[in-house]
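In listed order, ligands and their atoms are each counted from 1.
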Amino acid sequence: MTREYILLDGAMGTQIQNKGLPLGVRPEIFGCEHPEIIQEIHEDYIRSGSQVIYANTFGLNRHKCKNLDYSLDELLTINIQSAKKAAGNKAKVALDIGPIGELMEPYGTLSFEDAYDIFKEIILIGKRENVDLVVFETMSDLYEVKAGVLACKENTDLPVWVTMSFEANGRTFTGTKVECMANVLDGLNVDAMGINCSLGPDEILPLVQTMKQWTNKPLIVKPNAGLPDPSNGQYSMDAQSFVSKMKCFKELGVQYMGGCCGTTPDFISCCNQDKEINEVTKETKNGVCSSSQMCELNQVRVIGERINPTGKKRFQKALLEHDMNYIMEQAIAQSDAGADILDVNVGLPGIDEAQMMIDVIKAIQSVVTTPIQIDSSNPKAIEAGLRICNGKAIVNSVNETNMDEILPIVKKYGASVIGLTLNENGLPTTSEQRFSIAKKIVGRCKELGIKENDIAIDCLTLTISAQQDQAKETLDALAKVKKELGVHCVLGVSNISFGLPSRNHIISSFLTQAMYCGLDLAIINPNIPEIMDAVYAFKAISGQDKDCQNYISIYANEKMEVTNIQENMTIEAAVLKGLSEECKNLTKELLKSLDPMDVINQQLIPALDKVGDLYEQNKLFLPQLINAANAACAGFDVIKNEIPSSDSISKGKILIATVKGDIHDIGKNIVRVVLENYGYQVIDLGKDVPIQTIVDTAIEQNINLIGLSALMTTTVESMKKTIDALHQSGHPCKIMVGGAVLTKDYALEMGADYYAKDAKQSADIAKEVLG
Ligand code: THG
């Protein structure tokens with residue numbers, strides 16, 4: 001089938017600059033003072049063929065509207081009105097929402113529900129002003145996006161689109177993966193999703209191809225006009241070459257196309273021809289995920305069962321005492337041991353299960369990126385868990401009696417689900433009866449729009465020491481469900497061996513038989529090598545482990561590391577895993593035998609360096625980098641508190657600021673955390689900082705290293721002016737710069753001494769300059 005794609009608009013920022021945006025003035029505020037200019041730009045785009053225009057509201061939220069001459073409501077309303085006037089009935093108007101500009105918990109301070117409220121406020125104003133749709137663009141954190149999408153869906157009927165900005169490695173700068181974005185947003189049922197900014201069409205193409213494998217939703221592409229020219233910051237492509245590149249997206253069936261930084265009405269008008277695309281829908285990939293780790297459900301997966309108080313005094317104690325550290329260790333140990341998914345069960349008499357579910361999932365998400373399984377039959381706890389989860393979870397479990405209550409929640413949050421073959425009479429004894437319950441649950445799921453590949457059926461394991469004949473019924477039912485219903489199959493495998501000696505033999509053997517019958521999801525204890533051996537061996541034999549690569553990499557050296565956190569924890573491990581409590585305790589321990597400076601230089605700093613190396617190799621991502629920095633910080637704090645003259649451990653002062661006109665400080669804040677944890681004293685002047693303030697502070701405080709940040713194309717000019725002013729002042733200092741639109745060549749061309757690609761590099765530069 002063919003259809004026409006819909007043409008969106010191009011960049012707003014550069015157009016406003018061309019029409020006289022003064023240096024240091026924010027586009028949204030300029031839009032209030034000169035609504036006619038904004039209207040004109042929209043009209044230019046509509047004349048060029050734009051069928052949907054994005055209102056000039058990208059940078060707005062309540063946190064960015066403090067101390068201004070206009071209220072958030074006025075800024076939104078006036079800018080939306082300019083778009084509506086330009087559009088008339090010729091185009092649709094999108095309320096354009098950008099990132100809040102603060103890091104979400106646990107890496108930053110913004111909570112999920114705060115993010116939700118901030119978005120809700122914007123969206124309600126947009127709704128009142130009759131926008132046609134809501135679009136989140138240039139987003140980086142999938143968790144923040146989830147808050148925004150829920151805020152939109154729970155408060156309006158407006159269509160909602162999401163585009164995120166990726167780096168060439170397929171991740172956003174906070175670590176969100178393309179696959180995870182598509183998987184989560186498909187589940188949340190957004191109206192369209194895609195990619196904007198960050199890269200040119202060439203670099204975006206492979207990312208869109210990946211995205212397409214995970215969703216049949218309409219796709220959006222708004223690339224930059226190529227990459228910025230290092231010498232002057234101008235984008236590399238002209239309208240004609242842009243259009244020729246956009247042809248690839250037409251072939252992929254992308255339904256909404258436009259441009260981002262560096263594109264103009266010319267680009268759009270060149271795209272406004274031969275708009276036919278192929279419409280293809282196909283079976284998509286599927287899985288459960290966090291925002292940064294995907295577990296595709298296409299082979300046997302291990303679900304770690306240890307986060308569960310049943311029969312475990314130690315775990316019950318941890319829950320009752322709210323000892324999140326213990327639970328975090330359980331999460332880390334299981335993930336390290338090979339768990340693909342972590343089951344989370346926090347049901348215990350006397351605790352508020354919904355609140356505990358939130359606290360435990362937050363704690364787990366702060367130390368591992370492993371996807372989550374929510375193990376509860378309490379609808380409030382399930383919903384609380386699904387909300388707070390930063391990816392796509394699987395709900396364990398529904399059965400025939402509670403499915404009408406729980407499945408709609410599963411559908412709303414776009415989760416996967418486990419259905420148990422239980423009804424009001426309990427667990428039937430024959431495989432046929434179990435199969436028939438499975439069929440009813442699968443049927444109900446499908447009525448609600450939950451897809452086959454989001455469903456797993458559990459035919460339930462009983463213990464052979466009491467009901468020996470039931471093992472066969474379980475396996476027969478499993479094989480039949482697999483064959484006839486085409487859904488995934490799951491079992492809590494450990495149950496098989498209750499009451500017997502040497503349980504692991506029975507568990508491994510039953511597990512192998514179940515996998516042969518079609519088991520895909522094994523709920524087991526991954527910390528027991530013998531059981532994991534059975535999983536890896538099965539994958540090698542069945543061909544799921546292609547060319548036995550994984551098997552060989554695990555067993556080639558016969559080196560099975562059994563993780564035992566309590567016994568083997570080093571400062572390096574504590575920092576790497578982001579465990580602040582551990583790092584604090586280990587530092588205290590070490591101070592008994594080592595000099596404080598030695599603890600810093602031989603332990604904490606090398607640990608941070610190791611984290612930095614892994615980050616640079618793309619083996620760790622920003623959230624882990626920040627977590628590690630915070631853990632190291634807990635160690636530094638111990639040293640500072642116990643050693644009175646610890647000020648002398650500061651390795652030098654660094655001044656940092658986001659330049660005048662730019663209110664994005666997320667990158668700068670990350671840099672501050674990392675630099676502080678490397679032992680530098682950081683003077684942070686904040687965002688939107690006047691040139692003179694930076695110069696004066698540098699002189700007064702005798703600063704030798706200054707870090708400047710600018711995120712937007714419109715504020716790079718302001719960065720250059722700041723650098724010039726610092727040079728003119730004659731104060732001897734080195735300047736490092738960073739920000740999304742910069743490149744190394746461009747930074748040096750502007751007169752900076754260093755370009756810091758990321759927070760890790762800023763620490764390297766500090767080391768070079770200050771020692
Ligand atoms: N199906 C589904 N979900 C499930 C199960 C299932 N969730 C719970 C359970 N069964 C699987 N999870 C666990 C969790 C912990 C333990 C066993 C299974 C466990 N057992 C110890 C034992 O086996 O002796 C008891 C406590 C101890 O001594 O450590 O820990 O079937 N969908």
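With His488 as reference, Asn453 is the one residue of Asp454, Ile455, Asn453 to meet the side-chain contact (heavy atoms from CB on, under 4.5 Å) rule. Exactly one residue among Val300, Val288, Val535, Val302 makes a side-chain contact (heavy atoms from CB on, under 4.5 Å) with Asp340. That residue is Val302. Of the residues listed (Asn345, Ile361, Ile372, Ile327), the one engaging Ile307 in a side-chain contact (heavy atoms from CB on, under 4.5 Å) is Ile327, and it is the only one.
Comparing Ser494, Ser397, Gly492 by heavy-atom distance to atom 6 (C) of ligand 1, the nearest is Gly492. Ranked by closest heavy atom to atom 9 (C) of ligand 1, the top entry among Ile496, Ile507, Asn495 is Asn495. For atom 24 (O) of ligand 1, the candidate residues are Lys313, Arg503, Lys312; the nearest heavy-atom contact is made by Arg503.
At a 4.0 Å cut-off, at least one heavy atom of Leu420 sits close enough to ligand 1 to count as contact. Ligand 1 is never approached by Val490 to a heavy-atom distance shorter than 4.0 Å. Residue contact check for ligand 1: Asn308 places a non-hydrogen atom closer than 4.0 Å to it.
Within a 4.0 Å radius of atom 32 (N) of ligand 1, the protein contributes at least one heavy atom. Atom 21 (C) of ligand 1 is not flagged as protein-proximal [any protein heavy atom, distance under 4.0 Å].
Here the protein heavy atom with the shortest distance to atom 2 (C) of ligand 1 is Asp458 OD2, 3.1 Å. In this structure, atom 13 (C) of ligand 1 lies nearest to the protein heavy atom Glu305 OE1, 3.5 Å.
Taking every non-hydrogen atom of Ile523 and a distance limit under 4.0 Å, the qualifying atoms of ligand 1 come out as 2 (C), 3 (N), 11 (C), 32 (N). Of all atoms in ligand 1, numbered sequentially from 1 with element shown, those under 4.0 Å from a heavy atom of Asp375 are 7 (N), 8 (C). The Phe498 neighbourhood of ligand 1 comprises atoms 22 (C), 23 (O), 24 (O), with distances under 4.0 Å to a heavy atom of that residue. For ligand 1, the atoms lying closer than 4.0 Å to a non-hydrogen atom of Asn396 are 2 (C), 3 (N), 4 (C), 7 (N), 32 (N). Of all atoms in ligand 1, listed by their number and element, those nearer than 4.0 Å to a heavy atom of Gly311 are 26 (C), 27 (C), 28 (O).
For Lys610, the NZ atom sits in a loose shell: 12 or fewer heavy atoms of surrounding residues, nucleotides or ligands are nearer than 6.0 Å.
The side-chain tip of Arg503 points at the ring of Phe498 from less than 6.0 angstrom away and within 45° of straight on. The side-chain tip of Arg314 points at the ring of Tyr326 from less than 6.0 angstrom away and within 45° of straight on.
For the pair Asn216 (side chain) and Lys282 (backbone), a donor-acceptor distance under 3.5 Å is present.
The six-membered or imidazole ring of Tyr555 lies near that of Tyr551, with a centre-to-centre distance under 6.0 Å.
A donor-acceptor contact closer than 3.5 angstrom links the side chains of Asp343 and Asn396. With 3.5 Å as the limit, one finds no donor-acceptor pair spanning the side chains of Glu105 and Tyr143. Side-chain contact annotation: Gln433 with Thr430, donor-acceptor N/O pair under 3.5 Å present.
Within the 4.0 Å heavy-atom criterion, neither part of Leu491 lies near ligand 1.
Not a single N or O atom of Thr310, backbone or side chain, sits closer than 3.5 Å to an N or O atom of ligand 1.
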